[in-house]
Q: 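Before I ask anything, here is the structure I am working with.
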There are 2 protein chains.
Amino acid sequence: MPSPRRIGAPDAKNRTVLLDAAEKVMLEYGYAAVSSRRVAEQAGLKPQLVHYYFVNMDELLEEVFRRRADQGLEMQRKALASPQPLWALWRFSSDPSGVALTMEFMAMSRHRPALRKLLADYSERFRRDQADAIEVLLDRYGVAHEDFPPVVASVLTTSLSRVVVMEESLGFTLGHAETIERVERWLTAVEGEWGSPKR
Amino acid sequence: MPSPRRIGAPDAKNRTVLLDAAEKVMLEYGYAAVSSRRVAEQAGLKPQLVHYYFVNMDELLEEVFRRRADQGLEMQRKALASPQPLWALWRFSSDPSGVALTMEFMAMSRHRPALRKLLADYSERFRRDQADAIEVLLDRYGVAHEDFPPVVASVLTTSLSRVVVMEESLGFTLGHAETIERVERWLTAVEGEWGSPKR
DNA sequence: GTCTATAATCAGATAGAC
DNA sequence: GTCTATCTGATTATAGAC
């Protein structure tokens with residue numbers, strides 16, 4: 001009943017090479033281009049090796065996501081513990097390749113139940129970490145937020161950064177400067193200029 | 001030099017059937033599933049007919065986008081001319097299939113220059129129409145907006161509705177209720193409850 | 001003007017070689 | 001434990017039949 005095919009060790013060097021290659025292909029050409037052949041070509045390996053290290057293409061994609069998402073959670077934690085946490089969060093959320101990969105995975109997930117579950121779970125962790133940190137920070141800065149739950153600030157940050165970065169990648173920027181200016185003006189008011197913390 | 005292949009008339013019945021089928025496949029299975037075979041199957045036609053009516057798959061995709069985007073612009077105009085224009089805009093922007101298709105096209109566009117240009121052009125028209133209408137409406141409602149340009153309201157509306165709808169399609173809704181509540185509370189304040197205009 | 005038979009290429013996956 | 005030869009089917013596209 002179980003797949004009789006043997007699978008390469010999780011820590012084998014070529015496995016990592018293939019994961020890196022898959023991520024690069026996805027970023028550069030989109031998820032639809034992540035075929036065993038293209039990934040192998042990018043990795044400088046034979047296409048069949050993809051099927052040696054991963055039971056199927058879905059598993060490869062899931063591993064790419066998991067690896068990157070774990071890195072992201074860690075980076076976000078560092079950002080939220082930095083001297084200007086809200087600024088750092090805004091900048092982290094506006095990272096073009098992070099946004100691009102997230103969008104690829106979201107589009108892809110709509111019809112892959114396993115991947116969708118994975119995305120939903122990680123999204124929840126990202127938002128929860130953000131909301132928890134924002135709550136502490138607003139209190140520390142003395143910003144009233146009885147009628148502005150921290151989780152709403154998290155949704156807002158994610159929404160604005162994602163859409164602005166996505167649109168920018170299309171070469172469409174109408175309204176971006178005005179929007180970003182307002183976000184950054186607020187950030188400066190509570191945390192000082194980016195790079196020179198208030199306290 | 002030019003393609004010697006003959007192409008079916010733009011108003012032929014089967015051409016429309018194929019466009020409908022392509023849109024449906026895209027919505028249900030994602031852009032990567034829009035192959036001549038799947039589209040033809042959905043349309044109840046032979047795969048080769050796709051290549052008779054469209055020079056290639058990219059052209060088919062472009063036509064699907066153009067058709068839907070034109071419909072969308074028209075629907076948005078109607079929404080913005082309705083008795084509760086801001087409510088109508090919010091609801092229009094939160095249409096799940098509209099958002100899903102937009103996301104598919106955005107993901108797809110990252111590496112198809114022709115499609116990207118098309119998307120950027122239409123995005124600009126959507127935003128401009130929104131910003132222009134919002135400006136008139138805020139004045140009419142007596143909402144001060146010296147420091148809140150209408151185009152920022154447009155960016156905000158698009159960002160929030162898109163991300164919330166996308167996340168919902170993943171089954172991830174943390175913070176949505178709180179966010180939507182605040183948007184709708186504001187809409188109610190300026191235009192009355194949805195369905196019962198203030199004036 | 002509309003559609004089909006068929007070529008050329010590319011995909012995922014596996015059994016088996018080293 | 002690592003990799004390859006190879007099968008099977010899908011995909012785009014064209015040349016040509018009705």
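Just so we're on the same page: letters track the sequence lines, and every chain starts at 1.
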Q: May I ask you to evaluate whether A/Y52 reaches the phosphate of D/dC3, defined as a side-chain N or O under 4.0 Å from OP1 or OP2?
A: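 No, outside the criterion.
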Q: For the pair made of CG in A/L60 and P in C/dA11, what is the distance, rounded to whole Å?
A: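 The distance from CG of A/L60 to P of C/dA11 comes to 14 Å, rounded to the nearest Å.
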Q: Does D/dC3 have OP1 or OP2 under 4.0 Å away from a side-chain N or O of A/N14?
A: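 So the side-chain polar atoms of A/N14 do come within 4.0 Å of the phosphate oxygens OP1 or OP2 of D/dC3, strictly under.
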Q: Closer than 4.0 Å, any side-chain N/O of B/K46 to the OP1 or OP2 of C/dC3?
A: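 No, no such contact exists.
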Q: Would you please confirm or rule out a distance under 4.0 Å between OP1 or OP2 of C/dA11 and any side-chain N or O of A/S36?
A: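 No.
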Q: Once you round it to whole Å, what is the distance between C1' of C/dC3 and CZ of B/F54?
A: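 Going from B/F54 (CZ) to C/dC3 (C1'), I get 15 Å.
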Q: For A/S35, answer base if it contacts any base atom (sugar-phosphate contacts may also be present), sugar-phosphate if it contacts only those atoms, and nothing otherwise; contact means non-hydrogen atoms under 4.0 Å.
A: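 The answer is sugar-phosphate, as A/S35 gets under 4.0 Å only of primed atoms, P, OP1 or OP2.
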Q: For the pair made of CZ in A/R38 and P in C/dT9, what is the distance, rounded to whole Å?
A: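 Interatomic distance, CZ of A/R38 to P of C/dT9: 17 Å.
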Q: To the nearest Å, give me how far apart CG (B/N56) and P (D/dT11) are.
A: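 Result: 16 Å.
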Q: Take the protein atom CD of B/E59 and the nucleotide atom P of D/dA13, then report the distance between them rounded to whole Å.
A: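 Atom CD in B/E59 sits about 11 Å away from atom P in D/dA13.
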Q: Within the 3.5 Å criterion, strictly below it, is a donor on A/H145 or A/D139 matched to an acceptor on the partner's side chain?
A: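 The criterion, which ignores hydrogens and geometry beyond distance, is satisfied for A/D139 and A/H145.
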Q: Could you go step by step and tell me if B/E124 and B/R127 meet the salt bridge (charged side-chain N to carboxylate O under 4.0 Å, His left out) rule?
A: CA-CA 5 Å; B/E124 184 138 356; B/R127 180 146 305 152; over 6 Å; no
Q: D/dA17 P sits how many Å from B/H51 NE2, rounded?
A: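 Atom-to-atom, B/H51 to D/dA17, this comes out as 20 Å.
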Q: Look at the side-chain N and O atoms of A/Y53 and state whether any lies under 4.0 Å from the OP1 or OP2 oxygen of D/dT2.
A: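 For D/dT2, neither OP1 nor OP2 has a side-chain N or O of A/Y53 closer than 4.0 Å.
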Q: Tell me whether the side-chain N or O atoms of A/R37 pair up with the base of C/dA11 as donor and acceptor below 3.5 Å, since no angle test is needed here.
A: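 When only heavy-atom distances are counted, A/R37 does reach the base of C/dA11 through a donor-acceptor pair under 3.5 Å.
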Q: What's the CG-P distance between B/L45 and C/dC3, to the nearest Å?
A: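 The distance from CG of B/L45 to P of C/dC3 comes to 8 Å, rounded to the nearest Å.
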Q: Against the six-membered ring of B/F148, is A/R182 placed for a cation-pi contact (under 6.0 Å from the centre, within 45° of the normal)?
A: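 So A/R182 doesn't make the cation-pi contact.
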Q: Measure CG/A/L49 against P/D/dA5 and give the value in whole Å, please.
A: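 Those two atoms, CG and P, are 11 Å apart.
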Q: Donor-acceptor pair under 3.5 Å: do we get one between A/Q48's side chain and the base of C/dA13?
A: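 Counting by modelled atom types and ignoring angles, no donor-acceptor contact under 3.5 Å is found here.
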Q: Tell me whether the rings of A/F92 and A/F126 are parallel (<30°), tilted (30 to 60°) or perpendicular (>60°).
A: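 Rings of A/F92 and A/F126: parallel, under 30°.
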Q: Under the side chain to side chain donor-acceptor pair (under 3.5 Å) test against A/D20, which residue among A/R67, A/Q42, A/R15 passes?
A: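 Testing each of A/R67, A/Q42, A/R15 against A/D20, the sole residue satisfying side chain to side chain donor-acceptor pair (under 3.5 Å) is A/R67.
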